[in-house]
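Scroll down for the structure; my scribbles are underneath it.
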Amino acid sequence: MGEGIWFMFCSNFNCSKEGGKTCISGLISSILDPYSCINHVFIISTDILLLFVAMLIIYKYSTNKITTPFQSPHFSSVPILSAIFNATLSIVYVAFGIWTIYQKLHTDQTVLPLDRWLVLLFQGFTWLLLTISVYLKKLNLPCSTTVKSCSILALLYAGFLCISSGQEAIAERTASVDTVLDVLSFSGSILFLACAFKGRSFKDTGPDSDFDACYAPLQGEGHVSTDEISFNHNTTPFEKAGILSKISFWWLNPLLKTGKEKILENQDIPTLQQPCRAQTCYSKYMDQLSQEKQGRSSDSPSMLSIIIHSHWKAMLISGILALIKVLTLSTGPLFLRAFIEVVQGKEAFKYEAYVLTVALLITKCLESLSERQWFFQTRVVGLQLRSMLSAAIYQKQLQLSNAAKTTHSPGEIVSYVTVDAYRIGEFPYWFHQIWSTGFQLCLALFIVYSSVGLATIAALFTVILTVIASYPLTKSQLECHNKLMFAQDKRLQAITEALGNMKVLKLHAWETHFKNVIESLRKDEFKWISGLLSHRGYNLVLYWSSPIIVPTVTFWTCYLLEIPLNASNIFTFLASIRIVQEPVRLIPDVVQVFIEAKVSLNRILKFLEAPELGCRKLQQECIGKNCEHSIFIQSDEISWNLNPTSTPTLRNIDLAVKSGEKIAICGEVGSGKSTLLAAVLGEVPKVNGIVQAYGKIAYVSQTAWIQTGSIQENILFGSEMDPVRYEQVLERCCLVKDVQMLPFGDLTEIGEKGVNLSGGQKQRVQLARALYQDADIYLLDDPFSAVDAKTATSLFNEYVMSALSDKTVLLVSHQVDFLPAFDSILLMSAGEIIEAATYEQLLASSPNFRDLVNAHKNTIGSEMDIMDSCKGRAVTMSMTSKGVIQKVDVKEEEEEEEIVPCGEQLIKKEERETGDTGFKPYMQYLRHDKSFLYFTLAILFHITFIVGQFIQYYWLAAEIQNYKVSSDLSIIDLEMGFRLSFTLGTTMNTYFSFIVLAVLAWPVAFVIIPMVYITILLQRHYHASAKELMRINGTTKSSVASHLAESVAGAMTIRAFGEGDRFFSKNMNLIDANASTDFHTFSANEWLIQRLEILCALLLSSSALAMTLIPLGASASASVERLEQYMHIPSEAPEVIEGNRPPHDWPSAGKVEIYNLKVRYRPNAPLVLQGINCTFEAASKIGIVGRTGSGKTTFIGVLFRLVEPTNGKIIIDNFNICTIGIHDLRSRLGIIPQDPTLFGGSVRYNLDPLEQYSDDEIWEVLGKCKLREAVQGKEAGLNSFEEGAVAQDGSNWSVGQRQLFCLGRALLKRSKILVLDEATASIDNATDSIIQKTIRTEFKDCTVIIVAHRIPTVMDCNMVLGISDGKLVEYDEPMKLMNNKGSLFGQLVQEYWSRSTNNGATLEDW
């Protein structure tokens, strides 16, 4: 019974192959044979499955009652094209099936066997129902996972039909109608897939229109989508492009046309489509992270799992494209075999050569399209992944705890984005190479087996040995890479620290030492780079030699097994080996990318899992008047260190501040004042107790943090502009005149860290930023130390006591003068509040507070005699009313004319090359070291390699049989398919190919010439835009890194103002700007390669020519250009001028003569110092005074040649400082700078980085600086580089302690000339008194130049120099100046006395 049915089905129990040909045995072979019964059973079974699924989809759609508002359909060409093509195909299938029945009835008078026409009918009906089901989905129904799954199954099924029918047609040299239909069905399945995965395309005009059921809007996305679309009118055309436009990259033409017509600028680059924007990527990440946390109760969420869940669909589609590429590529040897047999006269039909040519053309076009889309899709996934990680890293750094910051330095955090996130973003591009290489190898082995039989085992064994031999190299490569990353981090940290504190390095003449340190770190890094490249080189040698070793072993095996060799099987074998040569050769690169991605992912994961700040929700809303306190703290211990055994920073803090109270906090250096403010902000990780703050907080840090941007942007800080309030804030903060002096007023761009502002100006910008926020609580950390006495008094009266009259204020201050105005004073010592009362109560009851006040009196008491001798100058001051310091009626300087903003911005944007630079960047690259020598050797070796290959193939073709067409195709298919990663190799390969083609087939020259011409035209059209895109990509990447580094430095201020979301949003905009240029860059690459590959396919050339005329890569040349620009920034003067070096003991006396000194910062900028003439006698004490921003710090900068004089000269002990080397100058001068700077490392390293002094000398200096006990209290000690010593930027030491370190450096150096630039601004009066006494004792025989706002510091100077607006207004002895009624110094002294006597005392009391 069963046999009868089977006989009716196919008339033969084994097979039903017409023509009486032998049947094929074996299950797999039978399935692959399109004529076998088993193949027909398999096809009909699959058709029945697809029919069932399609009918189920149609039934489901027909029973679904979809109620949607009026919709305006906007169908793309894809559904229509798919419907027409597949409907036509199904009709042809059915028609041919009916025709087959008719033919059988006409010839055999029976419809038996059934299999042939049943297959055709089932195919036709299946394709028809699939067409209907997929097309219905495009009309008005939500997308279905069933449709997508069905389309994928149809693609795989059609691929099977295409391969089996195509293989049989080539092997048997016949092409039947059903074979052609099976091949065409593969194209139809691709259209099915495109329709199934393409979202709905219609406009919803009703208010309640549904979203696509497969799309779940992200949090916060739905309500902003409309605004986003209307705002981003320049969104990339890719977002609305049709499927054909996307496949051909036609949507990129407008941008390329713009780039051809003009030089592209940032505003010409369209914005990204919504799915690729950082906000969308980060939202997906957070959603998936929350799901992972819910699913994992104990373990931490898996980043890899999150990545897979977010991008598996895109990777699946790109995987299908990779599969198509591998399948089409693998047909090359089969075409080669068929062409050889045609040349040998074994063609199956008359025009087989033409059919093979057309088939080859179609296959090559399909290969190009699939590969280009594969690479494009994976690049998009990598871009989304990079944006997601960059945003996650930025958000994490805003929440990073203080302990974690010691582990993850600012330089490392920046490298997580600029290095690690980019490496992980490259991984999806390489991912499919992992499996496609193995699959391609299997296909090649199958073809090889058909050519050389059992000798395939030898080839396979050789390949396996090659892979096994690479394992130790891969393992060593991983170890080298881990150590390289560690070495890179150390070097980046050192460079970041050096660049950030370059002024200090120059002032101390430490540039050479730090350069040597960085070079040493670079050498250590280079050692691991060399090791890594060596291992990669060994891998390359191993894999590059495999195409030579494998054929050699295989041919010897053929000889031993007596397997005959002829042109057909030899060239087919070589073609198969060369097909897998590229993917096998890429194995080291894939392994390298995998290793780098793994290491980078681990580094980022470690950072993302780092401890965060604890519960920071300390700010609570105050409902009505129910808030009893504005600030409430009740805690036993508050500590930066989470270690339970560590000593707490603050102890027994019990503080309650009522709304509107003004609280002053004072105490010696390191007593915990700043930590108390940090605790209120929620920055301190360990709090045993309660810390609460009610209302909005504004914070002014002790070290000014200024954003890169305009002054206006810094003051507004994200708030809306209120012109009236803004002007009031400028007036309250004494910034009106400063703003007028700047070239663009308040729109003047401020450099990184406020580099072009003075210390006082930076602090006042900070104060303005806080005041403009109109907060409820103001935390001010010693904001007046960087300004002069008059400005400080004005700020205190106008800012603290007037503008903040109804606000809660906590002010840390070392200036005793302001204390009487406060409601309460907190006296701190050793981390505890030892006293808390009003000024009068503390003065009466607290010995510690009296000591503090007496120290202040003693500081200024030495000037009593001077003051008494100045007739008419002594003025008795008293408080006019509680809370306001009495203003002094001093003669203001005449108002100057308002300076009209003009000229250029002080800070220039990063420059970039424009236009075609030709070979310039490559020549610049080759000039370094021995690059030309290595480049020449590479050329010689490559010529040898190529000539040897051509001789080998030419000899084989000539010796075996002289088949011209086979030689041509082997060169086209083999040599031009061999892609090299650099232009030299591809160019040489191409022109050698041209020569051989011209020799063996001279008519090809008529094809080569127009092909090269068209290629050059395409390349030029591409190159005009690609260069600019890569250059813009470099500048936008720098913006991302700069903003991240800036945010890391100001994280505490950002959190205090609650501006984290705004900064995060800005960061995502910068990420999008960079990602957009990257997106259009790799899209342009695919645009060019696709057109060149299609061109090559049309001209029967090879896809290798796609990379022939493209330069080495816009990315590489753009990087060279940027580095070259940096390397050619004008340098400082030479460190040493051998012909004019000062004596070893210079300066021996310390005399300084200044003649007509003029200075401007830039050629077109106004003069900052205007013709200063004066002489500082040897061993004298010179005080330099002036208002904030008058030019005092610039004067010091010129003395150290941080700024070169525009005119005039400075002579020190008979040497013009501009004629000697800057190292000889700076190493002989001592300085205590305005901004105290420490470096990560040991205490000893910070005092003596050059290791010139003994431990005893350093301990002695620490004692004089009052740091000995603090250092002894640290577990790390003097020489330890452990975490407890000195953190990067000295963040674990107070600002006052850092200034004491700077004093220690000066004491060690003992220069004949010492400069103090606001050296004691952040030190309490008692410590200042000790320091001044130390300076007077230790430097009594030295010339001491003192810049100070504290007038007592300069009262005992021999001479005082007054500067106003860059001009020298007076230079004389202090007493004479005070006797001068119009003296600037007299005004400053009077202002200082008026402020200092506010504690209720009079001059007679002193």
Side-chain angles (χ1 to χ4, degrees), residues 490 493-495 497-498 500-521 669-670 1135 1144-1145 1147 1200 1222-1317 1319 1331 1334-1335 1337-1339 1342 1344:
K490 289 182 66 177
Q493 182 175 343
I495 289 176
E497 198 169 45
N501 303 298
M502 185 55 68
K503 180 179 178 180
V504 174
L505 301 188
K506 290 179 178 181
L507 291 173
H508 289 286
W510 288 346
E511 314 101 289
T512 303
H513 169 73
F514 273 77
K515 184 186 75 171
N516 294 336
V517 170
I518 292 171
E519 287 177 350
S520 174
L521 293 172
V669 170
E1135 291 188 354
H1144 182 70
D1145 61 346
F1200 284 83
I1222 56 174
H1223 180 77
D1224 284 339
L1225 169 66
R1226 295 168 182 169
S1227 62
R1228 311 297 178 87
L1229 306 180
I1231 185 170
I1232 304 176
Q1234 184 176 13
D1235 298 319
T1237 301
L1238 297 184
F1239 304 94
S1242 67
V1243 172
R1244 184 187 222 293
Y1245 180 74
N1246 273 276
L1247 288 172
D1248 179 28
L1250 307 184
E1251 298 184 355
Q1252 297 175 327
Y1253 307 98
S1254 66
D1255 284 0
D1256 291 339
E1257 290 176 297
I1258 292 175
W1259 280 117
E1260 181 183 354
V1261 164
L1262 287 173
K1264 292 176 180 178
C1265 296
K1266 307 302 177 185
L1267 282 172
R1268 189 183 187 103
E1269 292 182 0
V1271 173
Q1272 289 175 337
K1274 294 275 185 180
E1275 297 178 4
L1278 184 64
N1279 296 292
S1280 174
F1281 279 82
E1282 294 178 2
E1283 186 177 311
V1286 181
Q1288 188 171 2
D1289 297 327
S1291 57
N1292 55 338
W1293 295 82
S1294 70
V1295 176
Q1297 289 172 321
R1298 289 179 230 169
Q1299 281 193 319
L1300 293 176
F1301 268 98
C1302 296
L1303 174 63
R1305 293 168 184 164
L1307 290 172
L1308 280 173
K1309 197 172 185 180
R1310 294 191 178 277
S1311 302
K1312 204 65 179 176
I1313 297 177
L1314 175 65
V1315 177
L1316 281 76
D1317 188 5
I1331 297 307
T1334 302
I1335 292 173
T1337 304
E1338 300 293 331
F1339 297 97
C1342 302
V1344 181

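For the numbers below, each heavy atom of this structure counts, side chains included, while hydrogens, waters and symmetry mates do not. Everything numeric in this text was worked out from a predicted model, so none of it was measured. Residues: numbered from 1 along the sequence shown.
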| field | Nearest-0.5 Å distance that lies between atom OG in Ser1311 and atom CZ in Arg1226 | value | 14.0 Å
| Of all heavy-atom pairs between Phe1200 and Gly1230, which one has the smallest distance, and what is that distance? | CZ-O, 3.9 Å
| said: Please give me the minimum heavy-atom distance between Glu1338 and Lys1264, naming the atom from each residue. | reply: OE2-NZ, 3.0 Å
| message | On a heavy-atom basis, which atom in Phe1301 and which in Val1243 lie closest, and how many Å separate them? | response | CE2-CG1, 3.7 Å
| When rounded to the nearest 0.5 angstrom, what is the spacing between OG1 in Thr512 and NE2 in His1223? | 5.0 Å
| message | Would the distance check show the side chain of Tyr1253 and the main-chain N or O of Asp1248 forming a donor-acceptor pair, the cut-off being under 3.5 Å? | response | no
| remark: The reported gap from CZ in Arg1298 to OG1 in Thr1237 (rounded to nearest 0.5 angstrom) is 8.5 Å
| query | Is Glu1251 salt-bridged to Arg1244, going by a charged N under 4.0 Å from an acidic O? | reply | no
| Distance (rounded to the nearest 0.5 Å) between Leu1247 CG and Ile1258 CD1 | 6.0 Å
| note | Tightest non-hydrogen contact, residues Glu511 and Ile1222, listed as OE2-CD1, 4.3 Å
| Would you say Arg1228 and Lys1312 make side-chain contact, with heavy atoms under 4.5 Å? | no
| note | Closest non-hydrogen contact found for Ala1306 with Ile1232 is CB-CG1, 3.8 Å
| query | Is there side-chain contact between Leu1307 and Phe1339, with heavy atoms separated by less than 4.5 Å? | reply | yes
| field | Reported CD-to-CZ distance for the pair Glu1257 and Arg1310, which is rounded to 0.5 angstrom | value | 9.0 Å
| task | Any chance you could measure Leu1303, atom CG, to Gln1297, atom CD, to the nearest 0.5 Å? | result | 13.5 Å
| task | For the residue pair Arg1305 and Asn1246, establish whether any side-chain heavy-atom pair is separated by less than 4.5 Å. | result | yes
| query | For Lys1309, does the NZ atom have more than 12 heavy-atom neighbours from other residues, nucleotides or ligands under 6.0 Å away? | reply | yes
| message | Any non-hydrogen side-chain atom of Val1344 less than 4.5 Å from a side-chain atom of Leu1316? | response | yes
| query | Where does the angle between the aromatic ring planes of Phe514 and Phe1239 fall among parallel (under 30°), tilted (30 to 60°) and perpendicular (over 60°)? | reply | tilted
